[in-house]
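Starting from 1, each residue takes its place in the sequence as its number. All figures in this text were calculated on a predicted structure; none of them were measured in a lab.
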Amino acid sequence: MGKKKNSMSLLYLIGMIAVVVGCFLPIIEVKLGPLGSIKTNVIRAFQSLDTANSWWQLLMFVAAIVGAVLSLVSVKNGNLIKLVALIASIVGGLIFFVDAGFFDYFFKIVGIGFFVIIGGWVVALIGYITKK
């Protein structure tokens with residue numbers, strides 16, 4: 001039974017690491033035809049935190065890091081804090097994606113990082129729910 005719990009905690013860890021990795025990959029990719037394309041990732045938004053959108057991206061990224069770190073260490077109320085980190089990452093990311101128009105122009109502007117982040121949330125959520 002202990003092995004099953006460890007494998008489910010591993011799913012949570014893999015999901016949160018996928019969210020962190022997805023923040024380094026291009027999440028917005030605007031194709032300009034023969035001129036090439038513009039690619040943007042979450043990390044570039046940290047250069048200037050002057051908009052609310054940048055703060056939502058920062059929340060998504062930092063919460064994913066906190067969740068991944070908490071999977072590796074043992075702390076009091078760790079499960080509750082991991083749940084809060086996962087929820088904070090999802091809420092911050094969804095608000096950012098809605099503000100940026102990802103769902104309006106879905107196939108026109110999304111890059112691979114968007115799919116990695118969404119997949120990471122799903123894997124982390126499955127890992128958290130099934131570990132009990």
Side-chain angles (χ1 to χ4, degrees):
M1 181 138 172
K3 194 166 197 156
K4 183 177 180 183
K5 183 177 181 183
N6 288 338
S7 67
M8 293 309 156
S9 294
L10 184 63
L11 276 178
Y12 178 85
L13 175 64
I14 290 170
M16 294 306 263
I17 289 174
V19 174
V20 172
V21 170
C23 291
F24 287 97
L25 297 173
I27 57 168
I28 298 173
E29 185 173 353
V30 179
K31 296 183 188 328
L32 301 174
L35 299 175
S37 63
I38 300 171
K39 296 180 180 179
T40 305
N41 59 17
V42 171
I43 302 305
R44 285 192 184 165
F46 301 157
Q47 294 172 354
S48 65
L49 294 172
D50 56 349
T51 64
N53 216 354
S54 298
W55 286 100
W56 291 117
Q57 293 175 50
L58 182 64
L59 174 67
M60 173 181 62
F61 180 71
V62 170
I65 289 175
V66 168
V69 168
L70 286 174
S71 292
L72 300 173
V73 297
S74 177
V75 295
K76 186 177 180 182
N77 296 329
N79 287 334
L80 179 63
I81 298 171
K82 286 197 291 190
L83 177 63
V84 169
L86 178 60
I87 290 172
S89 178
I90 292 172
V91 167
L94 286 179
I95 291 173
F96 161 66
F97 291 143
V98 168
D99 283 349
F102 277 72
F103 301 113
D104 296 337
Y105 308 105
F106 187 70
F107 290 108
K108 294 181 182 176
I109 66 169
V110 296
I112 188 70
F114 174 79
F115 297 111
V116 171
I117 290 170
I118 298 294
W121 287 337
V122 169
V123 170
L125 192 59
I126 291 169
Y128 185 83
I129 290 172
T130 57
K131 75 179 171 87
K132 293 185 177 186

Any residue meeting side-chain contact (heavy atoms from CB on, under 4.5 Å) with [X], in chain and number order, not counting sequence neighbours:
{"X": "Val122", "answer": "Ile126"}
{"X": "Ala18", "answer": "Val116"}
{"X": "Ile95", "answer": "Trp56, Val91, Asp99"}

Rounded to the nearest 0.5 Å, what's the gap from [atom1] on [X] to [atom2] on [Y]? Could you check?
{"X": "Phe96", "Y": "Phe114", "atom1": "CZ", "atom2": "CZ", "value": "9.5 Å"}
{"X": "Leu11", "Y": "Ile129", "atom1": "CG", "atom2": "CD1", "value": "11.5 Å"}
{"X": "Leu80", "Y": "Leu70", "atom1": "CG", "atom2": "CG", "value": "10.5 Å"}

Mind checking whether Met60 and Ile117 have side chains closer than 4.5 Å, heavy atoms only? yes
Does a side-chain heavy-atom distance below 4.5 Å link Leu86 with Tyr12?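 SC-SC contact between Leu86 and Tyr12 confirmed.
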Any side-chain hydrogen bond (donor to acceptor under 3.5 Å, both in side chains) involving [range]? Give me the pairs, sequence neighbours left out, ordered by first then second residue.
{"range": "residues 87-97", "value": "Ser89-Trp121"}
{"range": "residues 15-25", "value": "none"}
{"range": "residues 62-71", "value": "none"}

Work out which heavy atom in [X] is nearest to a heavy atom in [Y]; give both atom names and the distance.
{"X": "Lys76", "Y": "Ile81", "result": "O-CD1, 4.0 Å"}
{"X": "Ala64", "Y": "Val19", "result": "CB-CG1, 3.6 Å"}
{"X": "Val66", "Y": "Ala85", "result": "CG1-CB, 4.4 Å"}
{"X": "Ala63", "Y": "Ala88", "result": "CB-CB, 3.9 Å"}

Flag yes if Val21 and Leu72 sit in one hydrophobic cluster, no otherwise; membership is Ile, Leu, Val, Met, Phe, Trp, Tyr, and two members link when side-chain heavy atoms are under 4.5 Å apart.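 Both belong to a single hydrophobic cluster.
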Group every Ile, Leu, Val, Met, Phe, Trp and Tyr by side-chain heavy-atom contacts under 4.5 Å, then state whether Leu13 and Val84 land in the same group.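 The answer is no; the residues belong to distinct hydrophobic clusters.
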